Each structure stands twice: as structure tokens, then as C-alpha cells.
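Everything numeric here is computed off the predicted structure, so don't read it as measured data. Whatever order the structure lists ligands and atoms in, that order sets their numbers, starting from 1.
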Amino acid sequence: MTFAEDLKLHFDARIAIVNVVTTEEARVLAEIEALCRGPGWPADEGLYTWDIADQFTCLKPAKVPFDDKREATPDTILRMLRDYPGGATFVLKDFHQVWEAKRGTLRGLRNLAASLPARSPRKSILITTPEHCLPAELKHDLPVLELAKPDAAEMDALLERTVGDVGALRQVTPGLRAKLVEAALGLTSTQARRVFQKAVVSGRGGRLDERCIDLIVEEKRAIIRESGALELYPFVEQEDRIGGLESLKDWLAKRRLAFSEAARDYGLDLPRGVALIGIPGTGKSLCAKVAAGMWKLPLLRLDMGAVFGGILGSSEKNIREAMQIAEVIAPCVLWVDEIEKAFAGSAGDSGTSSRVLGTFLTWMQEKQTPVFVFATANDVERLPPEFLRKGRFDELFFLDLPTGREREQILEVHLNRKGLPMVRSRFDLPAIARATEGFVGAELEAVVKDGMFAPFMDGQREIETEDLLRAAGDMVPLAKSHRERIERLRQLVLRGEARNASKVGAADEVKVEKVRGERLLDL
Ligand code: ADP
């Protein structure tokens, strides 16, 4: 349902006062003006705006004259609206400033919300506020509507309005135009207008071309980062960047087509998301980046630490903003990093974190847009059982310490990345894998990096197996101090609550034994 349809539905149902949360007042006014002048709206109803500085402005006169020249003060405004005998819609801008300054305003609004629906002709009030700020007294009386960010069709019209008349769209093919529009999705109309204008100025000969796409994306990246805890992540990775984790990789590869129209037509449910749990360095973040790369989708990273850290304003605002942006950028991957941080403060903050998180989890389950959530967590102890409930995520994966074979594969990935040829024949990978039992992926990467240091100092000679073994010997793996945490996570797999991200086959018997709990880590 569009914003205008939703609004009309409320007023038609004789809900007299609604609160619209938006930073884009001009867009709200344009929407409501179009609605009031369109079919299905009483022709004799007027449309007026009011704000404390400019007082009343008439956008469409009512049949029964409304005295819009009369000054209204916070004391008199609600009575003026109540006593006007005609039918009209009033848009009260930033009206929260009035109820914050003037005692009695909240009571007045509640009285109006109760009395107006029975009155004829119809009078409706729309209150715009830049943030969710309804006090408890009004929460039950006023529904809250949100104006979503412009979708592709609106963005296209905005592009035309902003730069069409300066000739910037001449020679722009439909394909390029669609890409320009897509690049700007996630911005408000004001932000997009600014970005389009900037792109024109930087484009060759004042025309938009392919290079402008990067510029728009860069601008968008900066705007999104500034506005909250969300980041349009610039780097995605390819599948060959992961060593091991075959089971998780297979699962991700199978979902590649699940976002397609064909999958919808066939009746497949939209993938909702996946949760990855494992100690730090096991490759959870890497998998989110690979998923976005594999599926060729943009990657948004939501930093839960920042959402609940309080430095960026209210956590509620941050999370709503993130959900909105993800919905317009969709299809996309939304990587929620360290989701357990959302639960950390739930005891001491009068329920804000659990409410905010509840909003997020409900959205995740009910959303109709292809936003794939990738939640990563380091510890299961800090996740409440309802989070792990079956059906919440499409799948819950546990990333265990890599098996011997996986350690070889991870070492191979990183040695290859260093440009070293013929890794398999040149290094004794099984020996290094044996020497690195209990190491996670990040530590294996560090072994390769550190192992290059000595041969470089040693006259820049070629790196050998010995160098890597020495580097491994100098390192104390993190798993040593995380034994209990790993055990708790393994229990999840044993209880059937999570799936192992690795394929544990015959070659990994030792590990299978450990997973069965017969033997703990040999650390
Ligand atoms: P986590 O998110 O679980 O803390 P990361 O994904 O940030 O771990 O891992 C840090 C780095 O370690 C990665 O960027 C990658 O280079 C390396 N790494 C971890 N796991 C693997 C793996 N399975 N294969 C290849 N590299 C890995």
C-alpha cells in the first residue's frame, strides 16, 4: 500500500488525527495535496497547513470559508479547528514543539481525536514530526504513519524533475537511467536531488554518464554512514575467498536463485536470513561479504554496537532507518554484526533494547521485500532462547574450529592471495595444519602474514614451510581461552538447534569424535 492510500484509508475510516514521521515535509505535502485534489476525495473539503512561524497557508480552499488570516497561538489553535464548521484537512507541522511547550495541548488533542469522528462535515488532522516522539498520553489515540524513502519510480521522476530540464539526460540510455536511479535508492528526495545536481556538475559537458553512477554511490555511502549505524559496505568477496565451511557455502549457493522472479512464481518463500555463531575469527563476517558477492547484491552492514551505544541518537530511530533503507535498496544483504550486543543492555534500560530488537525480529519475519539478513554473533550465552527459536531464521549455523583439512584449505587461500604459485607442491600443508590445531581462520591468515616476515628480512629469500611452522609456534590460539564457549556452541549442534557450517566427513573423524563430546579440544 502506498503512503497516500494508507493515509486515505485512515481518514475514510474516520480516524481524525494521524502522526506522520518524516524528514521530508515537502513530499508529504505533495502527496496529500494530490490526494485532496484527486478522485474519491470530497471536492468541498479544504486543505490547510499550519506552523508556528508562518501560521496558516491555504493549499485548497474549503467550501465553508476558513479564516486562515487569523493568528492561532498554541493556546487557541485546537479550539479554532474544533469550532470551524466546515470540512477540511489540516497539516500541523512540527506540532510536537507545541505540546512540549504548552501544557493542556495533549489533552486537547485527545479530546479532538475522540470528538471529531462523529462530526460532519469531516475534519482531519495530520501532524508531522521529524522523529517518533508521541508521548504516552497520545500513543493509543494517534496512529503513526511513516513516509518510506522514494522507490524506483519516484526516484526516476525526481531525476527528471531535478536535471531533466538542463539537458543532463540527453543521450542517457534507458539502461543507464535505470542504473542512475538504482544508485540513488536509499536516499531521501532532498538528498537525492543534491546528489543528482552534484553528478551533473561533475559529468562531462553537464551530462550524466556511466562515471556518475560511482559518484552517486559514493555520495550515498557517505550520507548513509553519517545518518546512523548503517553502512553501505564497499567490499564484497568471491566464493574462493573462503577455505572450508563447505556446508554453509553449499547452502548459500543454493539460495542464489531464491531471490529471482522465477522462484516467486514457483512458490518458493523469500529467504529471510541466516544466523552465524562462532568465536571471533572463524569467518562469519567473511561469509556475509561472500554471500553478497555470490549473489551480486549490495551489502549493508548494521553495527549493533553503534545502534545501542547511544552515540548516534536513539536506538529506535537507528534501527527504523536501517530497515527503511534496506527495503528500498532491496534486493540486498543486510549484515547485522554482533547481534548479541543488542541484548547486552536489556536488563538495565527499561526494556528499550528488547523492544527495539523485537521490532527488528518481527520485521525480519514479516517483510515482503527481498532483504536477506545475515546475523553474526560470537557467543550463544548472550542470545536469549527466543532468538534461537526454530523458524526465526532460515538456518542457524555454528562455525567450529576448522578441521585439519579445512586448515589446509584456509592456508592455501591465504598463500594464494599472497601471489605464491603452486602452493600445494611447494609447502607441506598437512604438516602446517597439524601444527595449527585449534587455530581459527583469522589466525591462519596471521600465520601466513607473520611467516613472510623472516624470509623477507633474510635477504628476501623464498618463503618455506619452516617459516610458517615457526610463525605458528609463536602464536597462542584464541580458542585456548574460549574452550567453554566453543563447547556450549557445539551443544547447539548436538541438540539439533544449529547446523555445522563445515562438512564433517570421514577425513575428519577426530573432529566428529570431539563434536560428539567424547573428547574435548586437544589444546
Ligand atoms: P569473524 O567475523 O568470525 O570474527 P572474520 O570473518 O572477520 O571473522 O575473519 C577475519 C579474517 O580471517 C577474514 O577476513 C579472513 O581473511 C580470515 N578467515 C577467517 N575464516 C576464514 C576461512 N574460513 N577461510 C579463509 N579466510 C578466513
Is there a donor-acceptor contact under 3.5 Å from the side chain of Thr376 to the main chain of Lys284? no
Quick check: do [X] and [Y] have side-chain heavy atoms less than 4.5 Å from each other?
X	Y	value
Trp251	Arg499	yes
Arg27	Pro150	yes
Glu231	Trp335	no
Arg407	Leu444	yes
Arg301	Leu230	no

Can we say [X] and [Y] salt-bridge, meaning some charged N sits less than 4.0 Å from an Asp/Glu carboxylate O?
X	Y	result
Glu487	Arg490	yes
Arg426	Glu462	yes
Lys179	Glu182	no

Taking both backbone and side-chain atoms of [X], is any N or O found less than 3.5 Å from an N or O belonging to ligand 1?
X	answer
Leu286	yes
Lys289	no
Arg417	no
Asn378	no

Pick from [options]: the one approaching [atom] most closely through a non-hydrogen atom:
atom	options	result
atom 20 (N) of ligand 1	Gly278, Gly244, Gly283	Gly283
atom 1 (P) of ligand 1	Gly281, Gly441, Gly243	Gly281
atom 17 (C) of ligand 1	Glu412, Glu445, Gln409	Glu445

Would you mind running through ligand 1 and noting each atom that sits below 4.0 Å from a heavy atom of [X]?
X	value
His414	16 (O), 17 (C), 25 (C), 26 (N), 27 (C)
Ile410	22 (C), 23 (N), 24 (N), 25 (C)
Lys284	1 (P), 2 (O), 3 (O), 4 (O), 6 (O), 8 (O)
Ile242	23 (N), 24 (N)
Pro280	4 (O)

Where is the nearest protein heavy atom to [atom]: which residue, which atom, and how far?
atom	value
atom 2 (O) of ligand 1	Ser285 OG, 2.5 Å
atom 10 (C) of ligand 1	Ala442 CB, 3.9 Å
atom 25 (C) of ligand 1	Arg241 O, 3.3 Å

Steps toward side chain to side chain donor-acceptor pair (under 3.5 Å) verdict (Thr362, Gln365): CA-CA 5 Å; Thr362 312; Gln365 258 171 331; over 6 Å; no
